[in-house]
Amino acid sequence: ASEAEEKDLVIIGGGVAGYVAAIKAGQAGLKVACIEKRGALGGTCLNVGCIPSKSLLNNSQLYHQILHDTKHRGIEVGEVTLNLQALMQAKDTSVSGLTKGVEFLFKKNNVEYIKGTGAFQDEHTVAVNLIEGGETTVRGKNILIATGSEATPFPGLTIDEKKVITSTGAIALQEVPKKMTVIGGGIIGLEMASVWSRLGTEVTVVEFLGQIGGPGMDAEVAKQTQKILAKQGIIFKLNTKVTKGDAEGEGVSISTEAAKGGKEESIDADVVLCAIGRRPYTNGLGLENIGLETDDRGRLIIDQEYRTKIQHIRAIGDVTFGPMLAHKAEEEAVAAVEYLTKGYGHVNYGAIPSVMYTHPEVAWVGQNEQELKAAGVKYRVGSFPFSANSRAKTNLDTLGFVKMLSDAETDRILGIHIIGPNAGEMIAEGVLAIEYGASSEDVARTSHAHPTLSEAFKEAAMATYDKAIHY
Ligand code: FAD
Ligand code: NAD
């Protein structure tokens with residue numbers, strides 16, 4: 001980086017939030033630099049999050065299916081063996097292809113990529129400790145903080161990413177553990193429990209609350225999903241608090257007690273996965289040098305245009321408010337750059353989908369039943385099971401349902417909750433419906449190709465405003 005030149009925009013962090021903003025700014029003709037300390041672009045999502053976890057979920061499901069779900073389809077297979085090293089290699093190949101792709105997009109859009117750790121020197125200057133050695137400074141008229149998040153550690157257990165692991169260790173284990181304890185039954189806990197359980201590990205998930213799935217999951221969906229995952233072999237301990245852990249001996253032992261106090265128990269395993277949430281990451285960023293503070297949960301405080309109290313410094317993605325999701329970070333990146341270049345931007349926080357990539361997948365958008373009840377909203381419910389959907393039946397993959405919630409008076413769709421094969425793709429239709437303010441009748445009167453899983457979506461809409469045909 002040249003010290004003399006002042007950039008229009010300096011971005012700290014090359015994760016989904018940062019790299020998307022960099023490309024968008026480059027496209028708008030801004031002089032832009034993006035600082036990333038990891039040595040690869042794409043952040044948590046591409047390197048140790050969304051992408052590697054989905055590679056393992058996809059291939060472990062294939063393995064599991066070949067082992068347990070072929071004979072009744074008329075397919076006889078011989079001996080099936082797992083090559084964990086090759087499975088991990090396939091994941092690494094997907095990751096490196098994608099991170100290099102982002103690097104190519106930087107070049108294409110004239111984004112300067114600075115490899116190093118950035119820290120505020122003053123309100124317009126970021127000092128960068130370069131990976132290759134040495135230091136530089138870069139000045140920006142505007143600065144965007146996109147430094148993301150990190151796993152919240154469990155007090156008393158030291159993470160070594162081998163025996164006591166976060167998701168980062170869970171996507172890189174060298175052998176299949178015999179027993180794994182997962183602390184936290186949120187999305188990370190359940191996705192990783194699925195991967196290792198399919199590969200042969202006995203997995204116990206300990207969750208403090210009375211339902212799995214983390215914040216936002218509809219209670220009926222959570223209950224049904226738990227049943228399905230339990231049938232796949234995952235052991236659940238709900239309403240249970242992990243009080244301490246001990247990794248001194250050979251394996252790891254954790255102590256639990258009933259969430260409301262009382263009964264104590266200990267669980268031994270080879271590996272413990274801490275999946276109790278993530279927290280914003282601003283370590284070493286030099287916020288103190290510019291007087292920026294975070295809230296009690298470590299989040300950077302911003303206004304509706306993503307500005308911190310220092311008007312030319314903005315923050316987006318996991319480091320600030322809202323769900324910690326890659327596509328949320330991406331929406332904010334585009335909006336933040338548009339605020340900068342045009343003066344307006346737009347993110348509809350009421351229409352951000354959530355997907356859990358277990359099998360079957362779980363996906364939702366909008367409000368769930370418990371939220372609507374708490375808000376005193378009168379609503380209608382329509383649902384349709386995949387066991388009545390022709391395509392799911394032909395695919396011999398019929399677990400789950402589509403549930404639609406609409407306003408009792410106006411029929412406007414308020415929420416959609418799906419458990420089912422391909423739910424993560426199907427939810428896009430629900431997001432579009434909510435974004436456009438559709439009623440359940442609008443969706444019900446829209447033609448859906450036959451035979452597709454999406455017909456279950458249409459039939460759930462029919463069941464919401466009138467009656468389904470096939471159930
Ligand atoms: P990050 O991706 O964390 O990027 C921040 C970047 O900033 C990092 O690369 C970091 O090295 C860099 N950085 C930090 N400080 C500095 C500094 N001072 N100088 C230079 N660089 C710095 N979300 C989904 O939507 N779908 C999924 O399927 C999904 N799966 C996930 C699976 C796992 C196991 C995990 C952990 C997360 C998953 N997520 C998923 C969440 C998703 O990864 C995050 O929401 C997303 O990465 C947030 O993007 P971000 O750019 O805000 O932060
Ligand atoms: P989470 O907040 O979704 O779930 C954490 C769970 O741990 C909660 O259910 C909580 O009640 C429980 N918990 C907390 N302390 C506990 C204790 N002491 N004992 C037992 N249980 C305890 O967090 P996560 O699963 O770690 O995921 C972190 C973030 O990453 C989330 O924001 C998630 O959206 C994101 N993520 C998304 C995807 C996806 O979109 N598919 C995948 C992985 C991660």
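For this chain, numbers begin at 1 and follow the sequence in order. In listed order, ligands and their atoms are each counted from 1.
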> Which atoms of ligand 1 sit under 4.0 Å from any heavy atom of Val48?
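Answer for ligand 1: 34 (C).
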> Would one find an N or O of Ile187, backbone or side chain, under 3.5 Å from an N or O of ligand 2?
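It does: an N or O of Ile187 is found under 3.5 Å from an N or O of ligand 2.
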> Just let me know how Thr152 lines up against ligand 2, side chain, backbone, both or neither, with a heavy-atom cut-off below 4.0 Å.
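The answer is neither; Thr152 stays 4.0 Å or more away.
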> Would you say Ile188 has any N or O atom under 3.5 Å from an N or O of ligand 2, going by distance alone?
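Checking ligand 2 against Ile188, an N or O pair does fall under 3.5 Å apart.
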> Taking atom 46 (C) of ligand 1 as the point of reference, which of Thr168, Val319, Asp318 owns the nearest heavy atom?
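Answer by nearest heavy atom: Asp318.
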> Purely on distance, is any nitrogen or oxygen of Gly213 under 3.5 Å from one on ligand 2?
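Checking ligand 2 against Gly213, no N or O pair falls under 3.5 Å apart.
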> Would you say Leu209 and ligand 2 have an N/O pair spaced under 3.5 Å apart?
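N/O-N/O distance below 3.5 Å does not exist for this pair.
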> Using distance alone, decide if ligand 2 has a nitrogen or oxygen within less than 3.5 Å of any nitrogen or oxygen in Phe208.
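Yes; the residue has a nitrogen or oxygen that sits under 3.5 Å from a nitrogen or oxygen of the ligand.
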> Tell me which one of Ala146, Gly13, Pro280 gets a heavy atom nearest to atom 5 (C) of ligand 1.
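Minimum heavy-atom distance to atom 5 (C) of ligand 1 goes to Ala146.
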> Got a salt bridge between Asp8 and Lys141, using NZ or NE/NH1/NH2 to carboxylate O under 4.0 Å?
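Between Lys141 and Asp8 there is a salt bridge, with a charged N closer than 4.0 Å to a carboxylate O.
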> So, does Tyr357 sit close enough to ligand 1 that a heavy atom of it is under 4.0 Å from the ligand?
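So Tyr357 counts as touching ligand 1.
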> Can you tell me if Ser149 has a non-hydrogen atom under 4.0 Å from ligand 1?
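Yes, Ser149 has heavy atoms under 4.0 Å from ligand 1.
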> Can you name the atoms of ligand 2, numbered from 1 with element, that are less than 4.0 Å from a heavy atom of Phe154?
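Per the distance check, 18 (N).
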> Tell me the nearest of Cys50, Gly14, Pro353, Gly49 to atom 42 (C) of ligand 1, using heavy-atom distances.
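Minimum heavy-atom distance to atom 42 (C) of ligand 1 goes to Cys50.
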> Any idea which atoms of ligand 1 are less than 4.0 Å away from a heavy-atom of Gly118?
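Matching atoms, with element in brackets: 17 (C), 18 (N), 19 (N), 20 (C).
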> Considering only heavy atoms of Val355, which atoms of ligand 2 have at least one such atom less than 4.0 Å away?
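Numbered from 1, ligand 2 contributes 39 (C), 40 (O), 41 (N).
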> Which heavy-atom pair separates Arg198 from Leu57 by the least distance, and what is that distance?
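What the structure gives for the nearest pair is NH1-O, 2.9 Å.
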> Provide the number and element of each atom of ligand 1 under 4.0 Å from a heavy atom of Gly148.
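Going through ligand 1 atom by atom, the ones under 4.0 Å from Gly148 are 1 (P), 3 (O), 5 (C), 52 (O), 53 (O).
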> Heavy-atom contacts with Gly186 under 4.0 Å: which atoms of ligand 2 show up? List them by number with element.
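Ligand 2 atoms under the 4.0 Å threshold to Gly186: 3 (O), 4 (O), 6 (C), 25 (O).
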> Checking the N or O distance criterion of under 3.5 Å, is ligand 2 in contact with Tyr357?
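No, Tyr357 has no N/O under 3.5 Å of an N/O on ligand 2.
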> Below 4.0 Å from any atom of ligand 2, is there a heavy atom belonging to Pro323?
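Per 4.0 Å heavy-atom rule, Pro323 does not contact ligand 2.
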> Taking both backbone and side-chain atoms of Glu207, is any N or O found less than 3.5 Å from an N or O belonging to ligand 2?
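So ligand 2 has an N or O lying under 3.5 Å from an N or O of Glu207.
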> Could you tell me whether Lys54 and ligand 1 have an N or O pair separated by under 3.5 Å?
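The answer is yes, given that Lys54 and ligand 1 share an N or O pair closer than 3.5 Å.
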> Asn283 versus ligand 1: do any nitrogen or oxygen atoms come within less than 3.5 Å of each other?
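No: no nitrogen or oxygen of Asn283 is under 3.5 Å from one in ligand 1.
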